Engineer: 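I have a structure I would like to understand better, so I am pasting it below and will then ask my questions one at a time.
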Amino acid sequence: MCQTLLMHSFSTETPAASAELLARAFAATARMSLITDAQQNILHVGNSFTTITGYGADEVLGRNCRLLQGPGTDRAVVATISATLWAGDAFEGDILNYRKDGSPFWNGLKVTPLRGPADKITHYVSTQSDINTRRAFQDTLRFQALHDVVTDLPNRRYLEQHLARDRADLDAGVTAVGLININEFRRINDQVGLRGGDELLRALGRRLRNLAGDGVFLASLKGDEFAVVIDDLGSPRDSADIDDQLEVVLRRLHEAVERPFQVRGQSVSVSISMGVAFCPRDIDDTLNCFRDAEAALKTAQRYRHDRKRWWYVAPPVSETGTQAITIFTTPRATQAERNVQNQRFEDHRWRLFNGGLSMYMQPVIDLRTGDLSRVEALARLILVDGTVVGPDQFLPSLDDAGHDDLFRLGLDEALGCLARWDREGLSTRVSVNLSPSTLYDLNCTGWVKSALERHNINPNRLSLELLETESAKSAVQIVAINDLRKLGVGLALDDLGSGHATLKRLSDLPFDSIKLDRGLFASLNNRPLETLSMLATLTQMGRDFKVDVVAEGLEDARLAEAAVILGVPLGQGYFLARPMPASSIPDWATAHKFPLSAGKVTTALGALAYHWKFLRWESPHPLPLSACPLTDFMQRHTPHTSRATALHVQQHEPFNEPSTDGQQLQEWLIDLVQDHITAAV
């Protein structure tokens, strides 16, 4: 039908009328569509063409459609397309193309010839689908296969893979496996319900992950049981050093339960038990490690009401059969200590709502231009003596009503800052955190509307970041979210990447921006390639959903540079700007200079990201060798005659098959990333 209409338009309408009709029709299509003449010069493009490729219509009209091809485009596929079209047939298949910024993407391409009255080909209609999405979806499925449904932590399968890699690393030091169990979890489920129990597991998982630190692998096994793998504790010959390192990690992990959790309006205190076992170096079967850890866990649980430590260690045995390591104990907090802690929470809560709240502002940077995009308002508690207290110290003491009051006060102060900055000549946007529990209050939208009117701020300058998005599921909350969007404020999904639940939220609710979880970078030191893959996949997902993407946690130059190279639009983190008092923002904005240079690679992680983004799609580096950002980097980090330099040169020669040289260069860059991390430590 489409072809008949087009043929009719070309044969019966004036050229101007035909062009107008086609422009309207194809601009409206969702797929990346274009029309060429018989010589394949572009006559019309759809809006989605611009969205996907980055080329505007004025940049491509009259040019040959081959402009999307690049060094990685398979010449055999190009020849097949040409032969098929010259024979008068339609072509359908996949081809590697390039965006305006040089980044590659796979197209699902269909080209159909159009014939005039004399059966002569007059035009070609092309529809192209960015099938990077399909690959991203496959990556997501792999993520889900290796992660727990409730907590989004690695599951048992991922844990076993991790341990297998440890066993294969002959140079690694001692590895300990720990199993953590929540004491009396059934009682907690009875108290807060099954959904509340799931919320508690997620919250505990987040705390453990944030406290674990480098060299610690955390997994969620069954229900209320977590696993911890502590790698490279040291040489088996130095048991005292192993004792010290292990005790530091276990003390740190216990901090996760040293303050109560707020679950469905209730304060829930949690205690845990842990069994620890050491993995022998001379076996491949990791089941023995699990069995020893499980036995140690049962011992720890058996004496949980009468003990001075929260963990028990199964003593490792040396090659001679004697006990090799002794572990010190960690005393439990006394009731007096818990009373002091609870009183501190009460003092913080009173101070927060009696003049102690201050909204610090952290800039969010447009990584494409280096300019200020917006600021995020972050609640801080200022004590009487001037001490600044972070939210982790006072949020646990708040119930739902407290979260509501905090939101209203923080929103009012944040919008007041915008109005004040407007008078000082600085115009920007602000985002404010919103707890899902606040959405239950029917006055929520009214609070936001009143605050906007009070400070005379346009709604589109405010964005609300919905925390713990997976818990915003009720009809009341969803109505509130839709009402806020109708009001005109932005809505951000916080911590995307923490699992499939938030992906469903992204498709169900009207978000216009997403924030990538800083936890994505937790495994950067051990698995930089997997980290880059996840970052690129979620960035692509944001592009597909047509929402802004913000990468949080860009704390150093290497992360920020990798984000820029992988096309992340917006970034936030200490490397770019720290949270600061609101009064400091105008001066900061005046003095701000983007710390990275476009087209320049300065870090090993940036170099790896640059090479990987082409290698993943089996594409050579597109720029001439002399202009390639890696050339200067390689000259500064390796001799001109080195094997790595030769491997880099190979990436500038066209190839259509998976490149062994490219894989070798990638491995060299991974080693360089890890060497730089070690040197920094």
Side-chain angles (χ1 to χ4, degrees), residues 101-103 360-378 421 425-431 513-522 524-525 528 531-532 534-536 538-539 542 548-613 623 627-637 669 672-681:
D101 64 6
S103 60
Y360 272 42
M361 303 292 178
Q362 185 173 28
V364 178
I365 305 301
D366 189 323
L367 299 180
R368 297 158 297 191
T369 65
D371 297 330
L372 174 66
S373 172
R374 67 194 72 169
V375 296
E376 181 181 1
L378 301 168
W421 295 338
L426 172 64
S427 179
T428 188
R429 300 173 59 202
V430 69
S431 61
S513 62
I514 56 178
K515 303 193 76 173
L516 305 186
D517 181 16
R518 67 181 65 240
L520 290 172
F521 308 130
L524 176 64
N525 293 349
T531 301
L532 294 178
M534 186 63 69
L535 183 60
L538 294 176
T539 300
D548 285 338
V549 176
V550 184
E552 292 187 292
L554 303 185
E555 313 296 20
D556 54 40
R558 56 188 182 142
L559 286 172
E561 187 171 78
V564 170
I565 289 171
L566 294 179
V568 181
L570 305 173
Q572 181 178 357
Y574 279 17
F575 175 72
L576 301 171
R578 290 175 174 267
M580 63 189 76
S583 59
S584 302
I585 287 292
D587 289 342
W588 176 90
T590 299
H592 165 65
K593 292 183 179 179
F594 191 53
L596 299 175
S597 300
K600 187 175 182 180
V601 172
T602 62
T603 69
L605 186 65
L608 176 61
Y610 183 85
H611 175 58
W612 173 81
K613 78 172 183 176
L623 296 176
C628 178
L630 278 192
T631 298
D632 179 64
F633 177 86
M634 300 292 290
Q635 290 174 349
R636 287 184 283 111
H637 290 86
L669 289 169
L672 190 64
V673 168
Q674 295 176 334
D675 287 346
H676 283 194
I677 292 170
T678 302
V681 173

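In this text, all values refer to a predicted model and were calculated from it rather than measured experimentally.
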Engineer: Does Thr602 have any side-chain hydrogen bond (donor to acceptor under 3.5 Å, both in side chains) partners at least two apart in sequence or in another chain, and if so, which?
Structural biologist: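 Testing Thr602 for side-chain hydrogen bond (donor to acceptor under 3.5 Å, both in side chains), a comparison that skips the adjacent residues, returns Glu561.
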Engineer: Got Leu566 and Leu532 here, is their nearest side-chain heavy-atom distance under 4.5 Å?
Structural biologist: yes
Engineer: Do Val549 and Ser513 come within less than 4.5 Å of each other through their side chains, counting heavy atoms only?
Structural biologist: no
Engineer: How about Leu426 and Thr590: do any of their side-chain heavy atoms sit closer than 4.5 Å?
Structural biologist: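 The answer is no, as the side chains (C-beta and beyond) never meet within the 4.5 Å cut-off.
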Engineer: Determine, step by step, whether His611 and Leu669 satisfy the side-chain contact (heavy atoms from CB on, under 4.5 Å) criterion, reporting the C-alpha distance in whole Å, the side-chain angles of both residues, the deciding distance to 0.1 Å, and the verdict.
Structural biologist: CA-CA 9 Å; His611 175 58; Leu669 289 169; 3.8 Å; yes
Engineer: Is Arg368 close to Pro569 at the side-chain level, that is, under 4.5 Å between some pair of heavy atoms?
Structural biologist: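 A side-chain contact exists here, since the closest heavy-atom pair is under 4.5 Å.
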Engineer: Quick one: do Lys515 and Asp548 make a salt bridge, cutoff under 4.0 Å?
Structural biologist: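 No.
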Engineer: Can you list the residues that meet the ring-ring contact (aromatic ring centres under 6.0 Å, His included) rule with Tyr360, with sequence neighbours excluded?
Structural biologist: none
Engineer: Please check this pair: side chain of Ser584 against backbone of Met580, looking for a donor-acceptor N/O pair closer than 3.5 Å.
Structural biologist: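 The answer is no, because no donor-acceptor pair under 3.5 Å joins these two groups.
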Engineer: Would you compute the distance between atom CD1 of Ile585 and atom CG of Leu372 and round it to the nearest 0.5 angstrom?
Structural biologist: 7.0 Å
Engineer: Can you tell if the side chain of Leu576 reaches within under 4.5 Å of the side chain of Pro363, non-hydrogen atoms only?
Structural biologist: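 No. Closest side-chain heavy atoms not under 4.5 Å.
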Engineer: For residues 550-593, which residue pairs pass the ring-ring contact (aromatic ring centres under 6.0 Å, His included) check, not counting sequence neighbours?
Structural biologist: Trp588-His592
Engineer: For Thr369, check side-chain hydrogen bond (donor to acceptor under 3.5 Å, both in side chains) against everything at least two apart and list the hits.
Structural biologist: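 Scan of Thr369 (side-chain hydrogen bond (donor to acceptor under 3.5 Å, both in side chains), adjacent residues dropped) gives Asp371.
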Engineer: Among residues two or more places apart or on two chains, list those pairs meeting salt bridge (charged side-chain N to carboxylate O under 4.0 Å, His left out) that have a residue in residues 577-605.
Structural biologist: none
Engineer: Mind listing the closest non-hydrogen atom pair of Val568 and Ala551 along with its distance?
Structural biologist: CG1-CB, 3.8 Å
Engineer: How about Leu535 and Leu516: do any of their side-chain heavy atoms sit closer than 4.5 Å?
Structural biologist: yes
Engineer: Of all the heavy-atom pairs spanning Tyr610 and Pro629, show the shortest one and how long it is.
Structural biologist: OH-CD, 3.5 Å
Engineer: Does the side chain of Ser431 reach to within under 4.5 Å of the side chain of Val364, using non-hydrogen atoms?
Structural biologist: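 They are not in side-chain contact.
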Engineer: So Thr603 and Phe633, do their side chains get closer than 4.5 Å, heavy atoms only?
Structural biologist: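 With C-beta onward as the side chain, the pair stays apart.
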Engineer: side-chain hydrogen bond (donor to acceptor under 3.5 Å, both in side chains) with Asp556: which residues, sequence neighbours excluded?
Structural biologist: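 Asp556 satisfies side-chain hydrogen bond (donor to acceptor under 3.5 Å, both in side chains) with Arg558 once adjacent residues are dropped.
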Engineer: If I compare all heavy atoms of Ser583 with all of Pro586, which pair ends up nearest, and what's the gap?
Structural biologist: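 Result for this residue pair: O-CD, 3.6 Å.
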Engineer: Give a yes or no on whether the backbone of Ala627 and the side-chain of Thr631 come within a donor-acceptor separation of less than 3.5 Å.
Structural biologist: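 Checking the backbone N and O of Ala627 against the side chain of Thr631, no donor-acceptor pair under 3.5 Å is found.
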Engineer: Which heavy atom of Pro579 sits nearest to which heavy atom of Leu378, and what is that distance?
Structural biologist: CG-CD1, 3.9 Å
Engineer: Looking only at non-hydrogen atoms, find the nearest pair between Gly571 and Leu554 and report the distance.
Structural biologist: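 For Gly571 versus Leu554, the nearest heavy atoms are CA-CD1, 3.7 Å.
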Engineer: Which heavy atom of Gly567 sits nearest a heavy atom of Thr539, and at what distance?
Structural biologist: O-CG2, 3.7 Å
Engineer: Nearest 0.5 Å, what's the CD-CG distance between Gln572 and Leu367?
Structural biologist: 11.0 Å
Engineer: Can any side-chain N or O of Gln362 pair as donor or acceptor with the backbone N or O of Ala577 at less than 3.5 Å?
Structural biologist: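 Pair found, side chain donor or acceptor close to backbone of Ala577.
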Engineer: Let me confirm one number: the CG-CD distance from Leu559 to Glu552, rounded to the nearest 0.5 Å.
Structural biologist: 13.0 Å
